[in-house]
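Because the structure is a prediction, the values reported are computed rather than measured. So that the names make sense, note that chain A is the first sequence line, chain B the second, and so on, each numbered from 1.
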Amino acid sequence: MNFRLNEDQQQLQGTIAKILAADRMQPRTRAVIDGKQSWDKETWQELIDFGLTGIVVPEENGGMGMSLIELALCAEELGRSAAAVPFLGHALATIAIVEGGSDAQKAKYLPGLASGEVLASVALTEGNDTWAPEDWQMKPEGGTISGHKRNVPHGAFAQLLVVGLAGGALGVVEVASGGVSCETFEPLDLTRPICSIDFDHAKVDLLENGPAAAVRTWDAALALLSADAYGGAWKITEMARDYVQVREAFGAKLGDFQAIKHQMANIVVEVEPTRGLYWFAAYSFAKMPEKATHAASLAKAQTSEVYDKVARMCTELHGGIGFTWEFDAHIWLKRAIFDLAWGGRPQRLFIRAAAQTDW
Amino acid sequence: MNFRLNEDQQQLQGTIAKILAADRMQPRTRAVIDGKQSWDKETWQELIDFGLTGIVVPEENGGMGMSLIELALCAEELGRSAAAVPFLGHALATIAIVEGGSDAQKAKYLPGLASGEVLASVALTEGNDTWAPEDWQMKPEGGTISGHKRNVPHGAFAQLLVVGLAGGALGVVEVASGGVSCETFEPLDLTRPICSIDFDHAKVDLLENGPAAAVRTWDAALALLSADAYGGAWKITEMARDYVQVREAFGAKLGDFQAIKHQMANIVVEVEPTRGLYWFAAYSFAKMPEKATHAASLAKAQTSEVYDKVARMCTELHGGIGFTWEFDAHIWLKRAIFDLAWGGRPQRLFIRAAAQTDW
Amino acid sequence: MDLSYSQENEEYRAKLQAFLQENWPLPESLGDLEARKEEFRRRATAAGYMMRAIPKEYGGSEQPLDFLKGEIIREEIKKHGAPTEVVHIGTGRVVPVLLAHGTPEQKAKWIPGTVSREFMWSQGYSEPNAGSDLASLKTRAELVGDKWIINGQKIWSSRAHKDPYMVLLVRTEPEDVAPRHKGISYMLVDLRQPGVEIRPIKQISGEPEFNEVFFTNAEAPADAIVGGRGNGWNVSRMLLRFERAAFSGINWADSLIARAVKTARSTIRNGRPAIEDPSLRADLARLQARAMAMRYSAYRDMSMEAVGEPSGDYMLMQKLYLTEFLLKLDDITRDLLADDLMMLRPGEGGDGLKGNAKWVDATLQSLKIRIAGGSSNIQRNIIGERVLGLPRDQVGVNARKNQEAAQ
Amino acid sequence: MDLSYSQENEEYRAKLQAFLQENWPLPESLGDLEARKEEFRRRATAAGYMMRAIPKEYGGSEQPLDFLKGEIIREEIKKHGAPTEVVHIGTGRVVPVLLAHGTPEQKAKWIPGTVSREFMWSQGYSEPNAGSDLASLKTRAELVGDKWIINGQKIWSSRAHKDPYMVLLVRTEPEDVAPRHKGISYMLVDLRQPGVEIRPIKQISGEPEFNEVFFTNAEAPADAIVGGRGNGWNVSRMLLRFERAAFSGINWADSLIARAVKTARSTIRNGRPAIEDPSLRADLARLQARAMAMRYSAYRDMSMEAVGEPSGDYMLMQKLYLTEFLLKLDDITRDLLADDLMMLRPGEGGDGLKGNAKWVDATLQSLKIRIAGGSSNIQRNIIGERVLGLPRDQVGVNARKNQEAAQ
């Protein structure tokens with residue numbers, strides 16, 4: 001037994017960290033934040049070339065056949081770098097089909113997703129706070145679906161949508177087949193814009209094992225978001241650490257003040273231990289599925305609460321500059337809020353985790 | 001309109017503060033803590049001589065006819081000095097009779113209570129967490145009561161008990177009439193020992209306006225406990241402040257360390273504003289009865305939570321010495337826990353307060 | 001201790017109600033809505049209901065300080081739906097300073113125009129390297145002939161892009177004046193001149209609200225300093241105290257609770273309004289306890305000040321206490337908003353609970369509150385030192401000693 | 001990454017189960033319960049299940065470090081109800097130091113008796129004026145002839161009233177050695193001598209657990225120092241690290257959650273078990289998330305250490321994280337206990353929920369945990385400096401400089 005990354009995993013994470021190194025990314029992310037680009041296509045292509053979109057796709061469907069552990073390690077780096085790429089929706093759509101598709105469905109959809117040729121996303125919630133598969137009401141009729149879905153990440157750009165349906169079923173909609181329209185508005189996190197989607201008799205292909213896959217997809221979402229939160233929380237912590245070492249007040253560096261040092265210590269003490277939580281969420285998804293729902297719910301709830309709290313504290317440590325658009329801290333602050341909300345608010349997930357215990 | 005103490009009130013509080021000055025009290029309280037005395041009779045007699053027991057008793061019954069505002073100002077000082085006197089039970093029994101007794105009942109009981117000749121207490125709860133009058137089950141039968149009551153402060157020494165009864169009624173039991181036995185055990189707060197009392201066909205005198213008086217008595221308890229908590233919280237804060245100004249570590253005074261200074265600042269910022277809460281609780285009890293339940297519930301819940309939290313922080317600031325019996329800090333730490341629990345846990349009281357709003 | 005409205009106050013309220021009945025709304029013949037509002041304010045001032053702290057000779061109504069009457073006016077104007085007094089930096093901060101420190105000429109020159117809102121003001125205190133530590137500011141003014149020549153940079157001036165005048169803290173004395181804050185003066189400057197460049201700063205909400213203001217040989221007349229050369233530190237500290245004394249934070253806290261309750265009513269959880277959840281109700285009551293603690297502590301302070309008694313240290317703590325309140329409120333609203341947290345503006349198609357977008361903005365604004373007007377750490381230093389008598393912070397002092405020793 | 005029990009480990013578990021079946025309970029013919037327990041432990045050590053880190057020559061079982069096997073042993077012994085390994089300062093702290101730093105003579109003299117629990121140890125580190133700041137300790141030992149003569153006072157020695165031996169941190173070098181901690185040595189002392197006086201300290205729970213120990217010309221032989229003169233600081237720091245590395249905190253956290261759940265099952269709220277309250281369930285899950293974060297972070301660290309990789313900084317943070325856990329647990333149990341919080345011992349007449357008195361004691365103990373083994377503020381200094389690379393604290397340094405300048 002061990003709980004360390006093997007050499008392949010270390011190398012994988014190292015490589016993606018290099019692709020996403022902060023100084024390369026900053027101008028690209030800025031271009032998205034400042035509205036000059038709708039999303040960071042350049043980085044996304046580099047990630048596709050690296051193989052990100054194929055990681056969890058079985059080899060027979062054109063992928064690398066690896067597990068959520070590897071994908072979560074990548075998600076940590078995406079969170080750290082605040083990459084403005086359509087990873088979340090694409091990864092979850094892929095996982096939904098891997099988990100729920102028949103052999104024919106896998107053969108039909110996965111190669112395009114693995115190669116990155118087709119961009120996908122997921123359309124799950126209807127009202128507010130309806131992340132559980134049992135909350136979904138949309139019913140297919142005559143092979144088509146109609147109705148309204150919310151919180152679709154990068155939904156305006158997706159060519160394929162995995163849609164949550166009544167009874168926890170899942171269906172695949174190809175946008176090009178028509179009947180799909182997207183309502184955009186101003187999202188808080190501009191690196192992961194969400195939109196609402198209206199389906200009007202859109203052709204749908206029901207996944208063979210939809211209800212089982214829907215729960216798995218939710219758990220995967222929670223594990224990936226907790227990885228993102230861990231990476232992002234460390235990044236904004238490092239920004240604050242660097243800032244307090246250069247910024248002066250009252251003739252000394254901020255970091256010379258014990259109160260500041262202790263605030264930074266309190267921050268890092270919250271952040272670092274959550275790594276074990278997100279690792280175990282991804283690990284149990286891959287290797288101990290009976291524990292996955294419990295672990296993923298706890299991981300996302302706790303890690304995103306920490307990220308949100310820490311992002312606020314770090315923003316405050318920057319003083320006035322932290323409240324400006326030009327300074328980058330708010331990019332992570334807003335990603336923290338996204339990670340907190342998407343996939344379910346923490347309180348609900350803690351209660352979901354409790355339901356998995358013998359309490 | 002004004003919200004300041006008038007000269008009489010200032011003088012009253014100043015006088016009682018002198019009676020309870022810390023250096024006079026310390027050996028007396030110690031004698032109780034260390035088991036050499038069961039309670040501080042000497043101080044109690046001084047307080048009786050001063051008139052404490054007559055403050056809220058109408059003049060026609062031998063008292064001073066003042067309001068709960070004046071009594072709460074005294075309670076603040078009792079909390080500050082951690083006086084080991086049977087104030088709480090006696091004051092509440094007195095208020096119950098003032099609020100609920102017929103003229104004849106007042107004439108019968110109040111003069112002895114006002115003069116301090118008779119020591120009284122209240123026996124309200126039965127199971128755990130049964131502070132609301134509607135929780136009480138004990139029923140009088142044939143002019144007597146039988147059953148078990150808990151959390152009676154200084155109950156082992158009381159000669160007269162006001163007992164909570166079914167339907168929120170209140171009855172007076174004179175211990176000398178028989179049928180009253182007291183079970184003592186080791187209480188946490190030795191300055192306000194609680195005991196359980198068994199009634200076995202004890203003769204009871206039902207107060208004329210029991211149900212109305214029961215709610216008033218509960219509200220008065222909450223206001224007095226919040227005053228105690230405010231005084232106690234300030235006192236343990238001052239102890240910590242004094243300690244960090246003399247104790248050295250790493251070649252400097254603890255108070256020279258910014259982290260310590262900021263912890264102290266965080267403490268005092270929680271403590272000081274609660275004065276307004278307890279004042280308003282006492283004020284509304286006396287002058288705006290329609291607001292009393294709301295104000296008293298909020299005041300006790302918030303002030304006792306602050307006291308408890310602050311007492312723990314201040315104990316920690318003392319390092320190892322704070323964890324020893326010989327050092328006095330634990331006296332206030334334990335009074336904080338008493339104030340938190342007696343009269344109802346904060347969560348329940350916050351919910352009670354919410355029920356008084358239009359939410 | 002008496003919180004009841006006395007006979008006198010009830011009569012005051014009745015008179016005010018009659019005034020409001022008579023004067024609002026005003027007939028459309030008196031002009032467009034803005035003009036009618038202005039006319040109402042003029043009448044309210046004349047009647048003693050607005051500009052109460054400002055002498056009559058400068059256009060105010062010169063009423064004695066009475067915080068209860070202030071509350072009555074606020075309540076009744078709100079109830080009646082009449083225009084409220086316009087709160088701005090000019091009447092809130094510049095005029096009090098001029099009244100206390102200005103020469104007769106300065107008062108005559110600046111106060112009436114400020115009261116009439118002909119002169120609107122922004123504030124030039126902070127600099128890029130002097131935020132919490134204002135005493136280290138670097139913007140300089142030198143007296144050349146009969147003019148001050150100003151060079152430097154100010155930041156976080158919230159209205160400089162709209163308002164033509166600025167109150168400036170500026171170094172007018174030599175660098176080696178010790179302590180450093182003795183070299184700072186309080187100066188009134190007209191920003192409409194070639195030597196001044198204003199660049200808006202976009203906030204994290206995407207809205208521009210702040211500005212950087214660059215001074216390059218900008219000019220001000222010799223009499224632009226209020227309170228004397230090198231005395232700007234004291235003058236500005238009086239301002240900060242004035243700023244803190246307001247009830248605005250407490251009234252704001254109450255209104256935030258009311259808004260949170262409203263949101264909790266319209267948010268559905270498990271098929272029931274969230275407001276029915278006992279745990280949420282307790283959390284809201286916790287907030288209410290804090291708001292009440294603030295209100296009655298402030299009442300106490302003001303009642304004592306009104307009779308000349310020393311009023312204790314509560315006012316020093318209110319900002320930090322309010323900050324904590326906002327943090328706890330944020331935790332509540334995050335859970336209530338759920339997915340709506342992700343929208344900065346609500347969807348046109350009806351997505352997002354009406355009003356929830358306001359909360360997203362509020363959570364960003366609450367961060368600003370924590371930073372603005374002195375960081376929480378500075379507040380803690382002040383409280384530790386002034387309220388508890390703990391030693392002054394040594395780090396800055398020692399760092400400066402070491403720097404000097406190295407020079 | 002592999003958390004499954006491998007074939008090898010399952011075989012290990014089966015063998016252990018067989019051992020337990022065969023060896024516990026033991027026949028009463030082998031003596032009273034204590035004697036039978038001792039015999040079991042002897043057999044378990046011989047079989048490699050106890051004293052695993054201690055070499056065979058000193059009475060241990062000398063097994064390679066394997067934290068999974070450690071967990072298996074803990075699980076199975078608990079499940080079987082067999083006697084657990086006795087954890088004491090001797091094997092936990094003194095033996096590791098002797099193994100790393102002792103001379104062959106010292107090892108032979110002290111280790112076997114400590115392993116057999118013939119020699120029991122208390123710890124003499126803190127002094128009345130040297131708590132967190134151990135480097136300022138004042139107890140001195142001087143070598144006079146072939147003996148160390150010891151004078152001074154120690155405090156917070158938790159077992160000195162029971163156990164005859166003490167590990168002492170003591171100043172053996174001149175006062176002006178700099179840095180100050182270079183003058184400290186690590187010394188083994190027999191407390192049963194006239195120069196030693198032990199006074200118990202009563203805790204706030206009313207129980208005596210700690211002691212003050214006064215040394216007045218107490219003696220120790222010349223070879224009482226382990227690790228060399230003036231090297232006691234390094235030796236003791238190794239101990240502190242060893243102490244932190246344990247899983248005991250994590251297992252304790254899990255058991256506290258289980259106990260809180262049990263209490264929540266037996267506590268009735270609104271006629272239903274409190275455990276059914278969604279908000280309480282969420283709070284307990286929050287605690288569980290923290291316990292899991294600790295467990296898997298520790299697994300990672302130990303897995304990396306096992307293959308010689310640098311394992312990150314998590315272990316530096318665990319104590320502070322655990323402290324926060326205990327604080328949150330206290331908040332939960334306070335609400336569950338309600339009135340029972342006021343009883344230090346339950347009433348004989350059945351008042352008080354069974355087990356609730358334990359929680360009252362636990363809340364007092366949790367304060368002790370926060371103070372013992374380095375205060376939280378010291379932990380924050382260490383984390384700020386070592387994990388984040390922030391500057392070392394200047395206050396102490398400057399204060400000392402100023403003192404020296406004044407002398």
Side-chain angles (χ1 to χ4, degrees), chain B residues 34 125 127-131 148 150-151 183-190 192-196 198 247-254 256-260 263 305 308-309 312 315-327 329-331 333-334 337-338 340-342 344-348, chain D residues 126 128-133 135-136 155-156 201-206 208 210 267-269 327 330 334-349 351-353 356-357 360 363-364 366-368 370-372 375-378 380-381 393 395-403:
Chain B
D34 293 338
T125 64
N128 195 352
D129 197 27
T130 54
W131 293 95
H148 188 74
R150 294 181 59 184
N151 300 316
E183 185 207 344
T184 56
F185 45 78
E186 202 176 334
L188 187 68
D189 175 7
L190 293 166
R192 286 173 295 183
I194 48 170
C195 69
S196 297
D198 279 302
R247 171 78 182 183
E248 297 197 358
F250 303 100
K253 299 272 190 291
L254 286 185
D256 287 328
F257 291 93
Q258 197 187 30
I260 302 278
Q263 281 161 22
E305 274 195 350
D308 176 52
K309 185 176 146 198
R312 284 187 269 173
T315 304
E316 190 179 352
L317 279 167
H318 283 90
I321 193 101
F323 202 70
T324 63
W325 187 269
E326 294 310 315
F327 192 76
H330 70 99
I331 298 173
L333 178 72
K334 291 167 180 175
I337 290 178
F338 181 101
L340 193 77
W342 210 93
R345 60 198 163 87
Q347 186 75 359
R348 181 165 183 180
Chain D
S126 296
N129 289 303
S132 293
D133 178 18
S136 71
I155 196 167
W156 316 128
I201 303 173
K202 209 168 154 187
Q203 301 187 74
I204 61 176
S205 64
F210 299 115
T267 302
I268 303 301
R269 288 274 186 268
L327 200 64
D330 271 353
R334 269 163 168 62
D335 189 60
L336 280 175
L337 261 64
D339 309 347
D340 285 1
L341 261 177
M342 292 184 281
M343 290 192 294
L344 192 57
R345 314 273 176 261
E348 285 174 18
D351 277 338
L353 190 59
N356 277 0
V360 177
T363 194
L364 299 179
S366 81
L367 276 168
K368 184 166 67 180
R370 297 176 76 164
I371 294 164
S375 77
S376 295
N377 283 329
I378 303 292
R380 291 187 190 104
N381 268 354
D393 204 63
V395 171
V397 176
N398 283 317
R400 232 171 291 127
K401 269 192 207 157
N402 293 346
Q403 277 176 358

Portion of D:Asn377 that has a non-hydrogen atom of chain B nearer than 4.5 angstrom = side chain
Relative to chain D, which segment of B:Arg247 carries a heavy atom at a distance below 4.5 Å: side chain, backbone, both, or neither?
-> side chain
Specify which of B:His330, B:Glu316, B:Glu305 makes the most heavy-atom pairs with chain D at under 4.5 Å.
-> B:Glu316
D:Ile378 side chain reached by B:Phe250 side chain, heavy atoms, under 4.5 Å = yes
So which heavy atom on B:Ala249 is nearest to which on B:Leu254, and how close?
-> CB-CD2, 4.0 Å
Under 4.5 Å heavy-atom distance to chain D, tell me which part of B:Asp308 shows up: side chain, backbone, both or neither.
-> side chain
May I ask you to decide if D:Leu336's main-chain N or O and D:Arg269's side chain share a donor-acceptor pair within less than 3.5 Å?
-> yes
Select one option (side chain, backbone, both, neither) describing which atoms of B:Asn151 are under 4.5 Å from chain D's heavy atoms.
-> side chain
Atom group of D:Leu364 that falls short of 4.5 Å from chain B, counting heavy atoms = both
Return the option, out of B:Ala259, B:Pro346, B:Gly319, with the maximum number of heavy-atom pairs under 4.5 Å with chain D.
-> B:Gly319
Could you tell me which of B:Trp342, B:Phe327, B:Phe323 has the largest number of non-hydrogen atom pairs under 4.5 Å with chain D?
-> B:Phe323
Does B:Lys253 offer a backbone N or O that forms a donor-acceptor pair with the side chain of B:Asp256 under 3.5 Å?
-> yes
Side-chain contact test, heavy atoms from C-beta onward, threshold under 4.5 Å: evaluate it for B:Leu340 versus D:Met342 and give yes or no.
-> no
Which portion of D:Ile201 sits near chain B, non-hydrogen atoms under 4.5 angstrom | side chain
B:Gln263, part contacting chain D, at a heavy-atom distance under 4.5 Å | side chain
Got B:Lys334 and B:Leu190 here, is their nearest side-chain heavy-atom distance under 4.5 Å?
-> no
D:Pro128, part contacting chain B, at a heavy-atom distance under 4.5 Å = backbone
Steps toward salt bridge (Lys or Arg N to Asp or Glu O under 4.0 Å) verdict (B:Arg150, D:Asp339) = CA-CA 9 Å; B:Arg150 294 181 59 184; D:Asp339 309 347; 5.1 Å; no
Pairwise distance CD1(D:Ile155) to OG1(B:Thr324) - rounded to 0.5 angstrom = 7.5 Å
